[in-house]
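Okay, structure first, notes after.
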Amino acid sequence: MSALNLGPAVPDLTPAGTPLPILWLVRHGETEWSRQGNYTGLTDIPLTPEGEAQATAARKKIGDVEFDRVFSSPLVRARRTAELLGHPSPEVLPHAHEWDYGLNEGRRNTDVRAENPGYIIWNDGVPGGETLAQVAGRADRIISTVQAGCGTPMDQEPDSAPLERALLVAHGHFLRILAARWLGLAPDAGRHLVLGTAAVCVLGWDKHTPAILKWNM
């Protein structure tokens with residue numbers, strides 16, 4: 001069996017001599033719709049009390065990490081999670097929102113599959129919403145921001161001062177796709193990365209290779 005190709009090798013250090021950046025990911029805490037299994041894309045609904053407790057607990061999982069930059073989706077469930085993580089004024093990225101589910105927005109995933117038993121979002125997409133490629137394009141923009149000045153294949157701003165530690169608070173499908181793209185994989189590889197509400201993940205490097213350091217904590 002041939003080795004899995006994770007993309008071009010990158011140096012252990014940036015051209016500036018700093019360590020390659022580590023990106024922490026946190027999915028927002030529970031909402032009523034996430035609890036019920038409803039597709040929640042652009043609908044701006046708040047955390048439940050349980051979701052707030054989950055976000056508070058996630059802060060302990062991160063610990064005393066000092067981040068160079070903290071990013072958040074513009075949606076209230078992500079911004080509130082960032083606040084409960086100890087970051088009340090994150091940099092809001094308009095392109096960090098969840099997958100636009102189109103006509104499936106607000107529907108239970110079990111109801112969608114009852115109508116179409118073979119439906120898998122990673123294969124079939126969403127009617128009237130974003131394509132998987134469009135979501136991946138937004139994720140790539142964030143990866144390029146985090147890796148700016150690093151000399152990696154995703155670095156689009158080689159003259160920038162590189163980051164060492166960044167945090168992004170966003171959404172389930174979006175973060176799974178972003179993680180796949182960090183690894184240099186096709187966006188549908190995100191199907192293999194289950195991610196619970198308020199779960200904490202860490203993306204980084206294994207010597208020369210982009211890697212998952214921690215997942216779904």
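Only this structure's heavy atoms are used, side chains among them; waters, hydrogens and symmetry mates stay out. Position 1 is the first residue of the sequence, and the numbers go up from there.
Pairs of residues two or more places apart, or lying in two chains, that qualify as side chain to side chain donor-acceptor pair (under 3.5 Å) and include a residue from residues 46-57 are E30-T48, E52-R80, Q54-T197.
Remark: the backbone N or O of Q36 is paired with a side-chain donor or acceptor of R108 at under 3.5 angstrom. Of the possible polar contacts, none joining the T43 side chain to the T40 backbone as a donor-acceptor pair under 3.5 Å is found. Between the side chain of R181 and the backbone N or O of D140 there is no donor-acceptor pair closer than 3.5 Å. R141 places no side-chain N or O within donor-acceptor distance of the main-chain N or O of R138, the cut-off being under 3.5 Å. Side-chain N or O atoms of E130 include one that pairs as donor or acceptor with a backbone N or O of D100 at under 3.5 Å. Judged by distance alone, the side chain of E164 and the main-chain N or O of T18 form no donor-acceptor pair under 3.5 Å.
When side chains are defined from C-beta on, Y39 does not count as touching V126, because their heavy atoms never get closer than 4.5 Å. Counting only heavy atoms from C-beta outward, the side chains of V135 and H173 never approach each other to under 4.5 Å. Contact check for N104 versus Y119: side-chain heavy atoms found under the 4.5 Å cut-off.
Residues S73 and E98 bring no donor and acceptor atom of their side chains to less than 3.5 Å of each other. Checking Q147 against T152 by side-chain atom types alone, a donor-acceptor pair falls below 3.5 Å.
Contact detail for L213 and W205: the closest heavy-atom pair is CD2-O, 3.8 Å.
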key: Evaluation steps, ring-ring contact (aromatic ring centres under 6.0 Å, His included), between H192 and W122   = CA-CA 10 Å; H192 302 292; W122 302 100; 8.7 Å; no
request  = Step by step, work out the side-chain hydrogen bond (donor to acceptor under 3.5 Å, both in side chains) result for E91 and S72.
outcome  = CA-CA 6 Å; E91 298 180 51; S72 173; over 6 Å; no
request  = Determine, step by step, whether R59 and E83 satisfy the salt bridge (Lys or Arg N to Asp or Glu O under 4.0 Å) criterion, reporting the C-alpha distance in whole Å, the side-chain angles of both residues, the deciding distance to 0.1 Å, and the verdict.
outcome  = CA-CA 10 Å; R59 181 174 183 173; E83 180 180 4; over 6 Å; no
request  = Test R27 against N216 for side-chain hydrogen bond (donor to acceptor under 3.5 Å, both in side chains), laying out the working first.
outcome  = CA-CA 9 Å; R27 183 186 173 191; N216 203 36; over 6 Å; no
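The six-membered or imidazole ring of H171 lies away from that of H97, with a centre-to-centre distance of 6.0 Å or more.
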